[in-house]
**Student:** 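I'd like to ask some things about the structure below.
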Amino acid sequence: MEYKSILVSKEGALAILTISRPKALNALNAEVIGELYAAWKELEDDKNIRVVIITGDGEKAFVAGADIGELKVLDSLGGMALSQRGQSLFWKIENSNLIAIAAINGFALGGGCELAMACDIRLASENAKIGQPEVGLGIIPGYGGTQRLPRLVGKGMAKLLTLTGDAISADEALRIGLVEKVFAPVELLPEAKKIAEKIIAKGPEAVKAAKRCINAAANSNLDGGMRYEIIEFGAICATQDSTEGTTAFMEKRKADFKGR
Ligand code: CAA
């Protein structure tokens, strides 16, 4: 499918989804959100794809937020509709069978930070600036930022970032657990691909089940999460891949996973 504001490329089981509105620092307008929906569906429907790296076009920005020009004309109902549409896209990414890696190659502000937080893993380049600056515009985060940020960095740090609107460096984001790794700008994509390839080499059903269980940890109490893990563990033990993976280990050979 042809897109205007995003680029999709595929390399085996890996897809790279690049948000491409460089003149607006890749801000998420209605067109980008619509195309991200369509592209995500396309990637989910492609049974060869297992991991998606999401990044921004150019050297300056991952995504500089929701498109502020579109926000300034919104009334209450319009605001709710915009928030709901963005939230449901990010929910889809977070709960997808695909593994999403955010390669944060510059500004990740507002909706950009929120998109990165909906991904499974966040990698940043040394020049990244990350934050939730919405209160400076007289609004609040609307694409899940008030909910995902405290779950990632704790309530106090989420309030410090959101209430001051300050953007933090990649190193500070690493220190507080908002990103998992930091790389030199030229290394960001190659390193993201290496991590993607490691995931792709593992048992496909096991990767999906582990993602579901870890997501459940954020959405349930410990007891509920543990019970959920028991159910997923039981289901994964009945797959051919679990037999293959454990047998391959015992036979000191590489596992040949089939995704079933
Ligand atoms: N929406 C629309 N356009 C944007 C934009 C955004 N979020 N961010 C940047 N742009 C545009 C600028 O208007 C500018 O366009 P023109 O060249 O036509 O003037 C172009 O991108 C380049 O930006 P700057 O000239 O401002 O670049 P800079 O290097 O001086 O500053 C920046 C970079 C600090 C990221 C600055 O652009 C900025 O502060 N952007 C806004 C960040 C922001 O507030 N994001 C939150 C949006 S609200 C939100 O996301 C709500 C939500 O949760 C749903």
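In this text, all values refer to a predicted model and were calculated from it rather than measured experimentally. Start at 1 and go down the list; that is how both ligands and their atoms are numbered.
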**Student:** Could you tell me whether A64 approaches ligand 1 through its side chain, its backbone, both or neither, with non-hydrogen atoms closer than 4.0 Å?
**Tutor:** both

**Student:** Which protein heavy atom lies closest to atom 17 (O) of ligand 1, and at what distance to 0.1 Å?
**Tutor:** K23 O, 4.3 Å

**Student:** Between D241 and T239, is there a side-chain donor-acceptor contact under 3.5 Å, judged purely by atom types and distance?
**Tutor:**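 Note: T239 and D241 side chains miss the donor-acceptor criterion.
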
**Student:** Does atom NZ of K159 have more than 12 heavy-atom neighbours from other groups under 6.0 Å away?
**Tutor:**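 No, NZ of K159 has 12 or fewer neighbouring heavy atoms, counting only those of other groups under 6.0 Å.
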
**Student:** Indicate, as side chain, backbone, both or neither, the part of K60 found under 4.0 angstrom from ligand 1 when only non-hydrogen atoms are considered.
**Tutor:** side chain

**Student:** I need the nearest protein heavy-atom contact for atom 36 (C) of ligand 1: residue, atom name and distance, please.
**Tutor:** L25 CD1, 4.6 Å

**Student:** Report yes if some N/O of A66 lies less than 3.5 Å from some N/O of ligand 1; otherwise report no.
**Tutor:** yes

**Student:** I'd like to check whether G111 has a polar contact with ligand 1, where a contact means an N/O of the residue lying under 3.5 Å from an N/O of the ligand.
**Tutor:** yes

**Student:** So which heavy atom in the protein is nearest atom 11 (C) of ligand 1, and how far is it from that ligand atom?
**Tutor:** A24 CA, 3.8 Å

**Student:** Are any of the N or O atoms of I68 closer than 3.5 Å to those of ligand 1?
**Tutor:**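 Between I68 and ligand 1 (N or O atoms, distance only) the closest approach is under 3.5 Å.
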
**Student:** Any heavy atom of G86 closer to ligand 1 than 4.0 angstrom?
**Tutor:**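 False for this residue.
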
**Student:** Report the part of Q132 in contact with ligand 1, treating N, CA, C, O as backbone and CB onward as side chain, heavy atoms under 4.0 Å; options are side chain, backbone, both, neither.
**Tutor:**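 Answer for Q132: neither.
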
